[in-house]
2 protein chains.
Amino acid sequence: MCNTSNVESSQDQSQLLKGVLDLAVLAVLADEDGYGYDVVRRLREGGLEGVAEASVYGTLRRLFVDGLLSSYVVPSDEGPHRKYYALTKDGRKRLVSMTSSWATFAEAVERIVNRK
Amino acid sequence: MCNTSNVESSQDQSQLLKGVLDLAVLAVLADEDGYGYDVVRRLREGGLEGVAEASVYGTLRRLFVDGLLSSYVVPSDEGPHRKYYALTKDGRKRLVSMTSSWATFAEAVERIVNRK
DNA sequence: TGGAAGTATTGCACATTGCATAGTAGTACG
DNA sequence: CGTACTACTATGCAATGTGCAATACTTCCA
């Protein structure tokens with residue numbers, strides 16, 4: 001008597017995340033500079049509970065390589081050093097364009113799903 | 001003097017689609033049985049204008065293999081035969097669970113993006 | 001002293017999936 | 001007969017999220 005939909009729902013998330021992680025990470029960093037471990041926490045608190053650490057670190061590196069993020073290292077008393085990331089000018093532009101992409105996309109999905 | 005955000009916005013879509021195509025195709029077929037070429041049209045009319053034919057055919061095959069769709073061939077006077085797909089019982093269950101996954105996910109993204 | 005736990009980052013191999021491309025085939029129109 | 005539109009299939013590529021292992025620093029407890 002065990003419905004598997006919960007399991008399936010969790011697995012869905014990793015595919016749904018594709019493309020959206022960039023947006024989510026940029027949005028979180030626009031709010032305030034942050035380092036990987038911290039960004040993970042903020043995303044999970046925001047509702048993306050399933051997000052894996054490796055995904056966030058990978059995304060940060062990619063966005064950095066693309067020139068959307070700058071970074072600086074800050075030593076910490078409570079553990080290893082922290083690599084902070086901040087939005088660049090291009091990063092802010094990209095955040096704006098991705099936000100509107102997302103809005104358009106989400107509307108289309110709602111339209112298709114909710115049309116009975 | 002040419003802003004590239006439009007180009008970028010279009011490119012975003014193919015990543016955003018990941019995982020959502022399953023949901024969109026199931027939703028469209030729940031409305032009414034359909035064949036590949038027709039499903040493509042309906043998705044585009046619904047707002048997913050960039051979706052590629054190969055993606056839809058691939059998704060249909062995958063959902064069929066997974067037992068979420070059944071299929072039957074109907075000859076056509078206006079061209080080649082048409083392979084119709086219909087939701088199975090499992091398909092309907094999956095549609096329900098994916099719809100709720102999507103809702104939860106979209107809410108989380110909105111929350112993260114719109115938190116100033 | 002030593003070891004577990006929490007913090008913080010990196011690298012790699014892997015699976016999924018959307019897409020471009022090419023090919024096959026039927027109908028219709030000029 | 002060639003072009004266009006319809007309709008489906010197969011192949012290989014590219015992007016990206018994830019698991020896993022490794023490294024390393026700090027605190028705390030036995």
Side-chain angles (χ1 to χ4, degrees), chain A residues 8 10-26 33-44 48-66 68-69 71-85 98 105 109, chain B residues 8 10-26 33-44 48-66 68-69 71-85 98 101 105 108-109:
Chain A
E8 287 168 2
S10 310
Q11 289 177 331
D12 292 339
Q13 201 119 327
S14 64
Q15 287 305 321
L16 291 181
L17 260 185
K18 305 240 175 182
V20 184
L21 238 195
D22 285 21
L23 169 60
V25 167
L26 287 175
D33 290 5
Y35 55 98
Y37 208 73
D38 180 50
V39 171
V40 171
R41 254 194 306 258
R42 289 202 250 163
L43 291 176
R44 288 185 178 154
L48 300 180
E49 300 173 18
V51 68
E53 291 181 10
S55 312
V56 174
Y57 282 110
T59 300
L60 287 170
R61 246 198 317 269
R62 190 155 30 79
L63 295 175
F64 175 76
V65 169
D66 289 350
L68 306 179
L69 297 180
S71 91
Y72 51 95
V73 172
V74 176
S76 163
D77 304 356
E78 312 149 17
H81 69 278
R82 295 166 174 173
K83 201 166 180 178
Y84 277 79
Y85 291 93
M98 289 196 73
F105 179 76
V109 175
Chain B
E8 286 168 4
S10 310
Q11 289 177 330
D12 293 338
Q13 200 119 330
S14 63
Q15 287 304 320
L16 292 181
L17 258 185
K18 304 243 174 183
V20 183
L21 237 194
D22 285 21
L23 169 60
V25 167
L26 286 175
D33 290 4
Y35 54 98
Y37 208 73
D38 180 51
V39 171
V40 171
R41 254 194 306 258
R42 289 202 252 163
L43 291 176
R44 287 184 178 156
L48 299 181
E49 299 172 19
V51 67
E53 290 180 13
S55 311
V56 174
Y57 283 111
T59 299
L60 287 169
R61 251 198 312 271
R62 190 154 31 78
L63 294 175
F64 176 76
V65 169
D66 289 349
L68 306 179
L69 297 180
S71 92
Y72 50 95
V73 172
V74 176
S76 163
D77 306 355
E78 313 149 16
H81 69 279
R82 293 166 175 172
K83 201 168 181 178
Y84 278 79
Y85 290 93
M98 288 196 73
S101 287
F105 179 77
V109 174

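Residue numbers start from 1 in every chain, and the chains themselves are labelled A, B, ... in the order their sequence lines are given, proteins ahead of strands.
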Value in whole Å for how far the [atom2] atom of [N] lies from [atom1] of [X]:
X	N	atom1	atom2	answer
A:Leu23	D:dA15	CG	P	20 Å
B:Arg44	C:dC19	CZ	C1'	12 Å
A:Tyr85	C:dA8	OH	P	14 Å
A:Tyr37	D:dC25	OH	P	17 Å
B:Glu78	D:dA7	CD	P	7 Å
B:Gln15	C:dT17	CD	P	13 Å
A:Leu16	C:dA15	CG	P	21 Å
A:Tyr35	C:dG6	OH	C1'	12 Å

Is there a side-chain polar atom (N or O) of [X] under 4.0 Å from OP1 or OP2 of [N]?
X	N	result
A:Tyr57	C:dT9	yes
A:Ser14	D:dT18	no
A:Thr59	D:dG17	yes
A:Arg62	D:dT16	yes

Nearest-nucleotide comparison on DNA chain D, the residue closer to the 5′ end among B:Arg41 and B:Ala54: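 Checking each residue's closest nucleotide, the 5'-ward one belongs to B:Arg41.
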Comparing A:Arg61 and A:Gly79 on DNA chain C - which has the more 5′ nearest nucleotide: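 The residue whose closest nucleotide sits nearer the 5' end is A:Gly79.
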Could you give the side-chain donor-acceptor pairs of residues 77-85 of chain A under 3.5 Å, partners two or more places apart or in another chain?
| residue | atom | partner | partner atom | Å |
| --- | --- | --- | --- | --- |
| A:Arg82 | NE | A:Tyr35 | OH | 3.4 |

Of the listed nucleotides D:dG17, C:dA8, C:dA25, the one nearest the side chain of A:Leu17: D:dG17
From C:dG26, C:dC19, D:dT18, nucleotide with atom closest to A:Ala52 side chain: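 Per side-chain heavy atoms of A:Ala52, the pick is D:dT18.
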May I ask you to say what [X] touches in the nucleic acid, namely base, sugar-phosphate or nothing, with a heavy-atom cut-off under 4.0 Å?
X	answer
B:Lys83	sugar-phosphate
B:Asp77	sugar-phosphate
A:Gly19	sugar-phosphate

Criterion side-chain contact (heavy atoms from CB on, under 4.5 Å) on A:Val39 and A:Tyr57, from CA distance to verdict: CA-CA 9 Å; A:Val39 171; A:Tyr57 282 110; over 6 Å; no
Electrostatic pair A:Asp66:A:Arg62 at N-O distance under 4.0 angstrom: no
Within this structure, what is the [atom1]-[atom2] distance for the pair [X] and [Y], rounded to the nearest 0.5 Å?
X	Y	atom1	atom2	value
B:Leu16	B:Leu21	CG	CG	11.5 Å
B:Met98	B:Leu26	CE	CG	6.5 Å
A:Leu43	A:Leu48	CG	CG	5.5 Å
A:Ser55	A:Lys18	OG	NZ	9.0 Å

Side chains of B:Phe64 and B:Leu60 in contact at under 4.5 Å (non-hydrogen atoms): no
Degree of bending in the helix from C:dT1-D:dA30 to C:dG30-D:dC1 once both end axes are built from five pairs, to 10°: 10°
